[in-house]
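Single-structure report; data block below.
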Amino acid sequence: MNDIVSYFSTIPSAHRSLILVSGITIFWLIENAFPLFNFTYKKWHHASINIFLTLTTIIINFFLAFILLKTADWTIANHFGILQWLPHLPLWLYALIGLLLLDLIGAYLVHLVEHKTKFLWRFHLIHHTDTWIDTTSANRHHPGESVIRFTFTTLGVLLVGSPMWMVFLYQTLSVVATQFNHANISIPEKLDTILSYFIVSPDMHKVHHHHVLPYTDSNYGNIFSVWDRLFGTFMTLPREEIIYGIDTHPQLEEHNNLKNLLKIPFQKPHKTEKS
């Protein structure tokens, strides 16, 4: 555990980028070999849109990273945050509690708020318009949503009182987890069910991408599934019944055109769009 702390305390940006690229590549290869759904789409065109939006997220996080660093340093220096108020714990337990809490605030909570707040939903909507969920869909976020998520991550770091090594560890696990649970891979249903008791499994998250309510408003977790189960937002749906996309933007020119995707938050809402 000490080696992990040491590594993530000084992890180079190049290593973090390599993890992201390697994850997409590995899951891309797996989903081509063992697909859950056999999509008929222009895979490279679809990927180019999602990768562009992923790059915008990387750029935004890069330029705002100093805020996270200053926040983490401040919590340690001022003995502020939940972790700082706990009694001495084994390092592995300290890390697990921190990761769980960061996931609660930086992933589950922001995701829930984006679904429940009309203005924020307009930005998050872009993620749900994807009708071909695969590993490239993981970071299909409008630049505006990237800023929103960064804000909640910073809030999480402040409230949790997490050191920077834990933030880097959390972000790395988060990237791999979201690539995994978005990947168009077919794994045995029993194995997926077992995984869903601990982490957000592919089948669990894909329910969230079903095109109609109430399924769209469920399974908000990213790494850990405990929060959905604890707060009553966990739902299941047979994989063969899942239809990707969002019912307010079913047309190809709406969800498969980068220019339109960037404009969606500023367009007049559809009459059928949820409030």
If you group Ile, Leu, Val, Met, Phe, Trp and Tyr by side-chain heavy-atom gaps below 4.5 Å, do Leu262 and Ile49 land in one group?
yes

Distance alone, cut at 3.5 Å: any donor-acceptor contact between the side chains of Asp130 and Ser137?
yes

Flag, side chain of Asp192 to backbone of Asp203, donor-acceptor distance under 3.5 Å:
yes

Can you tell me how far the CG atom of Leu159 sits from the OG1 atom of Thr71, to the nearest 0.5 Å?
10.5 Å

Check against side chain to side chain contact (heavy atoms under 4.5 Å, CB included), Leu112 and Trp227:
CA-CA 11 Å; Leu112 175 69; Trp227 303 121; over 6 Å; no

Heavy atoms only: give me the nearest Asp228-Ser218 pair and the separation to one decimal.
OD1-C, 4.5 Å

Check the pair Thr75 / Asn78 against side chain to side chain contact (heavy atoms under 4.5 Å, CB included), numbers first and verdict last.
CA-CA 5 Å; Thr75 63; Asn78 291 274; over 6 Å; no

Indicate yes or no for a side-chain donor-acceptor contact from Asn61 to the backbone of Phe150 under 3.5 Å, with no hydrogens or angles considered.
no

Would you please name every residue forming a ring pair (Phe, Tyr, Trp, His ring centres under 6.0 Å) with Tyr170, sequence neighbours left out?
none

Would you call Arg16 and Phe168 a side-chain contact if the rule is heavy atoms closer than 4.5 Å?
yes

Ser196 and Ser201 side chains, donor-acceptor separation under 3.5 Å
no

CD1/Ile185 to OG1/Thr135 distance, rounded to the nearest 0.5 angstrom?
8.0 Å

Any chance you could lay out the side chain to side chain contact (heavy atoms under 4.5 Å, CB included) test for Asn139 and Asn50, step after step, and finish with the verdict?
CA-CA 7 Å; Asn139 289 292; Asn50 291 345; over 6 Å; no

Locate the shortest heavy-atom distance separating Gly144 from Phe123; write the atom from each residue and the value.
CA-CD2, 3.8 Å

Counting C-beta onward and ignoring hydrogens, is there a side-chain heavy-atom pair between Ile58 and Leu20 closer than 4.5 Å?
yes

Measure from the side-chain N and O atoms of His210 to the backbone N and O of Thr216, and report whether any donor-acceptor pair falls under 3.5 Å.
no

Closest non-hydrogen atoms of Asn38 and Pro35, given as atom of the first, atom of the second and distance, are OD1-CG, 3.3 Å

Side-chain cluster (under 4.5 Å, hydrophobic types only) that Phe234 belongs to, other residues:
Val200, Met204

Tell me the closest heavy-atom pair linking Leu53 and Pro143, and the distance in Å.
CD2-CD, 4.4 Å

Please check this pair: side chain of Arg122 against backbone of Ile264, looking for a donor-acceptor N/O pair closer than 3.5 Å.
yes

Just by distance, no angles: are the side chains of Asp134 and Thr136 close enough, under 3.5 Å, to form a donor-acceptor pair?
yes

Is atom CZ of Phe34 surrounded by more than 12 heavy atoms (other residues, nucleotides or ligands) closer than 6.0 Å?
no

Identify, with sequence neighbours excluded, every residue that meets ring pair (Phe, Tyr, Trp, His ring centres under 6.0 Å) alongside Phe66.
none

Between Gln179 and Ile24, the two heavy atoms sitting closest are NE2-CG1, 3.2 Å

Are Leu55 and Ile60 joined in one hydrophobic group, where the rule is that I, L, V, M, F, W and Y side chains link up if heavy atoms are under 4.5 Å apart?
no

Can you confirm whether Lys42 is buried at NZ, in the sense that more than 12 heavy atoms of other residues, nucleotides or ligands lie under 6.0 Å from that atom?
no

Spacing of Gln251 atom CD and Asn257 atom CG [to the nearest 0.5 Å]:
13.0 Å

Taking ring pair (Phe, Tyr, Trp, His ring centres under 6.0 Å) as the definition, give me every residue that meets it alongside His141, ordered by chain and number, with sequence neighbours left out.
His127

I'd like to know if the side chain of Ser22 reaches the main chain of Ile19, judged simply by a donor and an acceptor atom lying under 3.5 Å from each other, with no hydrogens or angles considered.
no

In this structure, would Val207 and Ile246 fall into the same cluster of hydrophobic residues linked by side-chain contacts under 4.5 Å?
no

Are side-chain heavy atoms of His46 and Phe39 found at a separation under 4.5 Å?
no

Answer yes or no: is there a side-chain heavy-atom contact under 4.5 Å between Leu83 and Ser162?
yes

Just how far is it from atom OG1 of Thr54 to atom CD1 of Ile59, taken to the nearest 0.5 Å?
11.0 Å

Residues Leu125 and His249: closest non-hydrogen pair is CD2-CE1, 3.3 Å

Quick one, Phe80 with Trp74, criterion ring-ring contact (aromatic ring centres under 6.0 Å, His included). Give me CA distance, side-chain angles, the key distance, then yes/no.
CA-CA 8 Å; Phe80 184 88; Trp74 185 89; 5.4 Å; yes

Look at the aromatic rings of Trp165 and Tyr94 and report parallel, tilted or perpendicular, splitting at 30° and 60°.
tilted

Counting heavy atoms not belonging to Phe266, are there more than 12 under 6.0 Å from its CZ?
yes

Heavy-atom side-chain proximity of Ile223 to Leu99 below 4.5 angstrom:
no

Would you say Asn184's side chain and Glu31's backbone share a donor-acceptor pair under 3.5 angstrom?
no

Beyond-backbone contact of Arg140 with Glu145, side-chain heavy atoms, under 4.5 angstrom
no

For a 4.5 angstrom cut-off between non-hydrogen side-chain atoms, does Asn222 reach Tyr108?
no

Please answer whether the main-chain N or O of Gln171 pairs with a side-chain N or O of Ser174 as donor and acceptor at a distance below 3.5 Å.
no

Beyond-backbone contact of His124 with Ile148, side-chain heavy atoms, under 4.5 angstrom
no

Could you give the distance from CG (Leu252) to CG (Asn256), rounded to the nearest 0.5 Å?
5.0 Å

Decide yes or no on side chain to side chain contact (heavy atoms under 4.5 Å, CB included) for His255 and Trp132, but give the supporting numbers first.
CA-CA 10 Å; His255 63 71; Trp132 305 294; 4.1 Å; yes

Between Trp85 and Leu89, is there a shared hydrophobic cluster once you connect ILVMFWY residues whose side-chain heavy atoms come closer than 4.5 Å?
no

Enumerate the residue pairs fulfilling ring-ring contact (aromatic ring centres under 6.0 Å, His included) with a member in residues 183-206, sequence neighbours excluded, ordered by first and then second residue.
His182-His205, His205-His208, His205-His209

Do the rings of His128 and Trp121 sit parallel, tilted or perpendicular, given the 30° and 60° boundaries?
tilted

Any chance the rings of Tyr244 and Phe37 have centres within less than 6.0 Å?
yes

Assess, by modelled atom type and distance only, whether the side chains of Asn260 and Gln267 contain a donor and an acceptor separated by less than 3.5 Å.
yes

Residues in side chain to side chain contact (heavy atoms under 4.5 Å, CB included) with Trp44, at least two apart?
Trp28

Are the side chain of Thr153 and the backbone of Arg149 linked by a donor-acceptor contact shorter than 3.5 Å?
yes

Can you tell me how far the NE2 atom of His111 sits from the CG atom of Asp217, to the nearest 0.5 Å?
9.0 Å

Transitive ILVMFWY side-chain link Ile243 to Met235, under 4.5 Å:
no

